[in-house]
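Only this structure's heavy atoms are used, side chains among them; waters, hydrogens and symmetry mates stay out.
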Amino acid sequence: MGTTQSPKHRKHLLDDTTKEINEWTGEAKAVEIHPLRMFSEVFDRHSQDDADEVFSAGTKVTTPPLAAVSDAPVKPWLFSRVLVILMVTFGLLLLLFYAFKNERVLPGLLVMGSLVVPLALVVYFFEVNVFKNVSIWRVVEVFLIGGVASMVATMLLYSLIPTSNGTDLWSAVLIGLIEETGKLLIIAIFINHLQLNYVFNGMLIGAAIGAGFAAFETSGYGMDYGLVVLMIRSWQAIGTHTIWSAMVGAAVVFAKDDYRPLTTQTVLRPKFMRFYFMAVALHALWDWRAPLAWLDIFYIHQLILIVLGWVVIFVLIEAGLREVRTLRQAGIPSEEHIFLPLP
C-alpha cells in the first residue's frame with residue numbers, strides 16, 4: 001500500500017512546492033511540470049535552416065510584434081545540439097591529451113570543459129525567451145563582459161566583507177550572499193541599460209551572466225586542481241550559477257515598477273527578495289558540507305539542489321508565459337516595447 005501511495009505523495013509534495021513558489025510570482029496555484037513535453041523536440045529531426053531561424057531572433061527584422069508572441073508551452077531543442085557539439089569537441093581534446101600525450105591541448109581542455117554546460121544552458125534560455133527580442137550577438141556580449149564583470153564585482157565585495165573558504169554553514173551563507181550580490185549588480189546594470197521588462201528577458205540576461213561567471217570560475221578550478229575537478233564542475237554546472245542567476249534576473253524584472261528602471265527602493269519588493277534569497281540559499285546549501293555522510297554518495301547533495309533549482313526555473317517559465325497572456329489581453333499595441341535597440 002505504501003508503494004502505491006508513494007508517487008501520489010511525491011506529486012502532492014511537488015504541487016505544494018510549485019504552488020508556494022508560484023505565489024511569489026502572483027498566482028496562487030500549483031504549476032504542472034512536464035519535462036518530457038518541454039524537451040519533446042530534442043529528439044526530433046531539425047534542419048540547418050531551423051537552427052539558423054532560432055539564432056536569427058532578436059534583430060529589428062526578426063523581433064515579432066506582441067500579437068505574434070506565443071504563449072504555448074516552450075519546447076527548446078537547439079541547446080541540445082550545442083551541448084553535443086561542445087561535448088564532442090571536449091572529447092576529441094581529451095583523446096589528444098590521453099592517447100597522444102599532447103599537453104599543448106591543455107588550455108583548450110580548460111576552455112571547452114568549462115564551457116560545455118554553461119554555454120548550452122545559455123542557448124536554452126535564449127530559446128525559452130518567447131519574445132525573441134534579444135539577439136544572439138547581444139547574449140554573447142552579456143556572457144563575456146557580464147560574466148567577467150560579475151567576477152570583478154564579487155572580488156570587490158570579498159575585499160570588503162571578511163569571510164573564509166570554509167564549508168561550514170555560516171561561511172557558505174556569506175559566500176552565497178557575496179557571489180549572488182556581485183552577479184546581481186551586473187545583472188541589474190544590463191537589464192536597466194538594455195531596457196528589458198519581461199520575465200523571460202530577465203532570466204536570459206541573468207543566465208548569460210551566471211554562465212559566464214561559471215565558465216571562467218570552472219576554468220580556474222581546472223587549472224588549479226586538474227581535469228577530474230574540471231569535469232565534475234562541468235556537469236554540475238547544470239544546477240549552479242546559470243540557473244541561480246536566471247532566478248535573480250527574473251527577480252530584477254519583478255522589482256521594476258511599470259517598466260521603469262530598477263531603483264534601490266524597488267528591490268525591497270517581496271517578489272524580488274524572495275527569488276534573490278532563493279538563489280542565495282541554493283548557493284549556500286551547495287557550498288555547505290552538511291554533517292550527513294550519505295549526502296556525499298553519488299552526489300546526492302548536489303542532485304537534490306539541482307532538482308530544486310530547476311523546479312524554480314520551471315515555475316518562472318510558467319510565470320513568463322502567463323505574462324505574455326496578460327500583455328496580450330491588455331492589448332498593448334506598440335512593437336517598440338518588444339524590440340531591443342542597439343545602443
Side-chain angles (χ1 to χ4, degrees), residues 33-58 73-100 102 105-130 132 134-140 142-144 147 203-204 207-219 221-222 227-243 245-246 298-299 302-303 306-307 309-310 313-314 317:
I33 295 178
H34 301 285
L36 293 179
R37 182 179 66 184
M38 176 178 287
F39 301 117
S40 60
E41 291 193 15
V42 167
F43 300 102
D44 290 349
R45 184 179 296 276
H46 294 277
S47 67
Q48 181 63 47
D49 289 339
D50 294 333
D52 292 341
E53 183 178 355
V54 172
F55 279 138
S56 69
V74 293
K75 295 183 179 180
W77 60 272
L78 187 55
F79 76 95
S80 64
R81 277 47 170 188
V82 173
L83 179 63
V84 169
I85 290 171
L86 293 170
M87 289 177 65
V88 169
T89 305
F90 183 63
L92 291 173
L93 288 168
L94 282 175
L95 178 67
L96 284 169
F97 180 71
Y98 285 111
F100 297 97
N102 188 343
V105 302
L106 273 173
L109 277 170
L110 292 174
V111 172
M112 293 308 303
S114 62
L115 285 176
V116 171
V117 173
L119 198 54
L121 285 176
V122 170
V123 176
Y124 169 87
F125 284 101
F126 179 78
E127 291 184 87
V128 166
N129 177 31
V130 298
K132 299 180 180 179
V134 183
S135 70
I136 194 65
W137 168 251
R138 179 69 73 202
V139 171
V140 171
V142 174
F143 172 82
L144 293 173
M203 292 175 70
L204 174 57
I209 290 172
F213 188 103
F216 294 123
E217 183 183 55
T218 295
S219 64
Y221 275 98
L227 292 179
V228 173
V229 170
L230 177 74
M231 288 186 282
I232 292 173
R233 289 184 60 89
S234 181
W235 76 260
Q236 289 180 347
I238 193 174
T240 59
H241 289 288
T242 306
I243 66 170
S245 294
F298 300 117
Y299 300 102
Q302 290 80 7
L303 290 173
I306 289 170
V307 171
W310 276 99
I313 293 298
F314 289 148
I317 288 174

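- Taking CG of Leu92 as the reference point, atom CG of Leu109 lies at 10.5 Å (rounded to 0.5 Å).
- A 4.5 Å side-chain heavy-atom check between Leu78 and Phe126 finds every atom pair outside the cut-off.
- Nearest heavy-atom pair, Ala208 versus Val142, reported as atom, atom and distance to 0.1 Å: CB-CG1, 3.8 Å.
- Leu144 and Phe216 get closest at one heavy-atom pair: O-CE1, 4.0 Å.
- Sparse packing is recorded around CE of Met87, with 12 or fewer heavy atoms of other residues, nucleotides or ligands lying under 6.0 Å away.
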Applying side-chain contact (heavy atoms from CB on, under 4.5 Å), run through Tyr221 and Leu230 and close with a yes or a no. CA-CA 7 Å; Tyr221 275 98; Leu230 177 74; over 6 Å; no
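- In this structure, CD1 in Ile317 is found 11.0 Å from CG in Asn129, a value given to the nearest 0.5 Å.
- When the side-chain hydrogen bond (donor to acceptor under 3.5 Å, both in side chains) test is applied to Asp49, no partner is found at least two apart in sequence or on another chain.
- Using modelled atom types, one side-chain atom of Asp50 and one backbone atom of Ser47 make a donor-acceptor pair closer than 3.5 Å.
- With a 4.5 Å cut-off on side-chain heavy atoms, Val54 and His46 do not count as touching.
- Annotation: the span from Phe298 atom CZ to Leu303 atom CG amounts to 11.0 Å, rounded to 0.5 Å.
- In this structure the side chain of Trp310 never reaches within 4.5 angstrom of the side chain of Ile33, judged on heavy atoms.
- Without hydrogens or angle criteria, Ser80 side chain to Trp77 main chain gives a donor-acceptor distance under 3.5 Å.
- For Asn102, there are no side-chain hydrogen bond (donor to acceptor under 3.5 Å, both in side chains) partners, not counting sequence neighbours.
- In terms of heavy atoms, Ser40 sits closest to Lys75 at OG-CD, 3.6 Å.
- A donor-acceptor distance shorter than 3.5 angstrom exists from the side chain of Glu127 to the backbone of Phe79, with no hydrogens or angles considered.
- For the pair His241 and Ala214, the tightest heavy-atom approach, listed with the atom from each and the gap, is CB-CB, 3.9 Å.
- With sequence neighbours left out, Glu217 forms a salt bridge (Lys or Arg N to Asp or Glu O under 4.0 Å) with Arg233.
- Put simply, the side chain of Ser234 gets close to the backbone of Gly113: a donor and an acceptor are under 3.5 Å apart.
- Between the CD1 atom in Ile232 and the OG1 atom in Thr218 there is a gap of 11.5 Å [rounded to 0.5 Å].
- Closest approach of Asp44 and Arg81 over heavy atoms only: O-NH2, 2.7 Å.
- By the 30° and 60° cut-offs, the orientation of the rings of Trp235 relative to Tyr299 is perpendicular.
- No side-chain donor-acceptor contact under 3.5 Å links Trp137 to the backbone of Gly58.
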Side chains of residues 115-124: which donor-acceptor pairs under 3.5 Å do they make with residues two or more places apart or in other chains?
none

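- The OG1 atom of Thr89 lies 4.5 Å from the CE atom of Met112; values are rounded to the nearest 0.5 Å.
- For the atom pair CD1 of Ile209 and CZ of Phe213, the computed distance is 11.5 Å after rounding to the nearest 0.5 Å.
- Judged by distance alone, the side chain of Ser245 and the main-chain N or O of Thr242 form no donor-acceptor pair under 3.5 Å.
- The ring pair (Phe, Tyr, Trp, His ring centres under 6.0 Å) test applied to Tyr98 returns no partner, not counting sequence neighbours.
- Qualifying ring pair (Phe, Tyr, Trp, His ring centres under 6.0 Å) partners for His34, counting only residues two or more places apart in sequence or in other chains: none.
- Val42 and Pro76 get closest at one heavy-atom pair: CG2-O, 3.8 Å.
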